[in-house]
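Below: one structure, written as structure tokens.
In the text below, chain A, chain B and the rest are named by the order of the sequence lines, each starting its count at 1. Just so it is clear, the values below take in all heavy atoms, side chains as well, and ignore hydrogens, waters and symmetry mates.
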Amino acid sequence: MKNYPRVGKRQGQPAFRIPSSFKNNVHKVVRQIPKGQVLTYKEVAYRAGSPRAYRAVGNILNKNYDPNIPCHRVVRSDGKSGGYNRGSDKKKEILESEKAI
DNA sequence: GCGCTGACTGTCA
DNA sequence: ATGACAGCCAGCG
């Protein structure tokens with residue numbers, strides 16, 4: 001049987017509060033990521049209030065590229081860097097630089 | 001208001 | 001271990 005990732009109930013309950021939209025939440029969460037710390041899209045989605053919105057997270061970051069948002073600190077669960085607006089190559093560099101510190 | 005897309009994730013073959 | 005497929009979410013046209 002396919003044990004799908006769906007927990008069953010809608011856990012779309014924000015642990016803290018909903019500023020406005022999921023997008024805003026994602027923004028906030030990613031910005032709160034400490035230097036040298038990387039979170040997976042799933043983690044970010046969970047923090048944003050939707051554990052299954054990892055798709056939306058990528059969609060938001062991809063279209064809404066902000067200099068204040070270290071999207072490079074968001075990586076895939078596979079351990080890959082994923083993508084980056086400036087180029088995955090740059091993302092890797094930044095990640096290594098911050099990780100090294 | 002509806003439909004498509006996307007920087008994803010998890011499971012099966 | 002690698003590849004392919006399916007599923008869910010929110011934003012945007």
Side-chain angles (χ1 to χ4, degrees):
Chain A
M1 30 316 226
K2 293 158 86 133
N3 226 359
Y4 264 69
R6 42 134 77 150
V7 283
K9 264 182 142 222
R10 298 277 276 183
Q11 296 189 33
Q13 301 297 345
F16 287 85
R17 64 187 75 190
I18 306 182
S20 280
S21 302
F22 187 76
K23 183 166 77 77
N24 202 315
N25 237 334
V26 174
H27 256 224
K28 208 174 147 137
V29 172
V30 177
R31 208 191 313 169
Q32 282 180 44
I33 300 177
K35 192 166 153 200
Q37 179 71 44
V38 292
L39 294 174
T40 62
Y41 285 93
K42 202 171 43 170
E43 291 287 295
V44 176
Y46 186 80
R47 284 182 171 211
S50 292
R52 293 183 210 101
Y54 31 75
R55 287 276 194 131
V57 176
N59 203 359
I60 292 161
L61 294 172
N62 162 13
K63 277 161 184 143
N64 296 279
Y65 152 55
D66 282 272
N68 300 334
I69 303 185
C71 21
H72 59 264
R73 285 180 198 160
V74 187
V75 298
R76 283 185 43 164
S77 312
D78 302 89
K80 289 153 184 55
S81 309
Y84 194 45
N85 306 19
R86 307 305 288 288
S88 49
D89 178 62
K90 192 88 170 185
K91 180 173 177 175
K92 210 171 84 126
E93 269 194 282
I94 302 170
L95 220 57
E96 293 246 329
S97 277
E98 300 203 336
K99 225 159 56 152
I101 302 181

Seminar exercise, completed: Whole-Å distance, A/Tyr54 OH to C/dC9 P, equals 8 Å
Problem set entry | Nearest-Å distance for atom pair NZ/P, residues A/Lys80 and B/dG10 | 13 Å
For this session: Tell me which nucleotide among C/dG11, C/dC9, B/dA7 gets nearest to the side chain of A/Asn59.
Result: C/dG11
Problem set entry | Side-chain-base donor-acceptor pair under 3.5 Å for A/Tyr84 and B/dA7 | no
For this session: Ignoring the backbone of A/Ala56, work out which of C/dC12, C/dC9, B/dC8 is nearest its side chain.
Result: C/dC9
Problem set entry | Any A/Val74 side-chain heavy atom under 4.5 Å of A/Ile33 side chain | yes
For this session: Please state how far atom NZ in A/Lys63 lies from atom C1' in B/dC8, giving the value in whole angstrom units.
Result: 14 Å
Exercise. Reckon A/Ser50 has a side-chain N or O less than 4.0 Å from the OP1 or OP2 of C/dA10?
Worked result: yes
Exercise. Counting any heavy atom closer than 4.0 Å, what does A/Ala53 reach on the DNA or RNA strands: base, sugar-phosphate only, or nothing?
Worked result: sugar-phosphate
Exercise. Roughly how many Å is it from OH in A/Tyr41 to P in B/dC8, rounded to a whole number?
Worked result: 6 Å
Exercise. Where the side chain of A/Asn85 is defined as all heavy atoms beyond and including C-beta, which of C/dG11, B/dG6, B/dA7 is the nearest nucleotide?
Worked result: B/dA7
Exercise. Just checking A/Ile60: base, sugar-phosphate only, or nothing, at a heavy-atom cut-off of under 4.0 Å?
Worked result: sugar-phosphate
Problem set entry | Below 4.0 Å: OP1/OP2 of B/dC8 and any side-chain N or O of A/Arg76 | yes
Exercise. In whole angstrom, what separates A/Lys91's NZ from B/dA7's C1'?
Worked result: 7 Å
For this session: Compare the minimum distances between each of C/dC8, C/dG11, B/dT9 and the side chain of A/Lys42, then state the nucleotide with the smallest one.
Result: B/dT9
Problem set entry | Length of the CZ-P vector between A/Arg55 and B/dA7, whole Å | 10 Å
Exercise. Taking OP1 and OP2 of B/dA7, is either one under 4.0 Å from a side-chain nitrogen or oxygen of A/Asn62?
Worked result: yes
Exercise. What closest approach, in Å, do A/Tyr46 and A/Pro51 show between heavy atoms, and which atom pair accounts for it?
Worked result: CD1-CB, 3.4 Å
Exercise. Do A/Phe22 and A/Ile60 touch side chain to side chain, with heavy atoms closer than 4.5 Å?
Worked result: yes
Exercise. Which of these nucleotides, C/dC8, B/dC8, C/dG11, is closest to any side-chain atom of A/Arg52?
Worked result: C/dC8
Exercise. Are any non-hydrogen side-chain atoms of A/Lys28 and A/Arg47 less than 4.5 angstrom apart?
Worked result: no
Problem set entry | Base-pairing assignment for C/dG7 (Watson-Crick or G-U wobble, both under 3.5 Å) | B/dC8
Exercise. Between C/dA10 atom P and A/Asn24 atom CG, what is the distance in whole Å?
Worked result: 14 Å
Exercise. In Å, rounded to the nearest 0.5 Å, how long is the span from CD1 of A/Ile94 to OH of A/Tyr84?
Worked result: 4.0 Å
Exercise. Tell me: CG of A/Asn64 to C1' of B/dT5, nearest whole Å?
Worked result: 14 Å
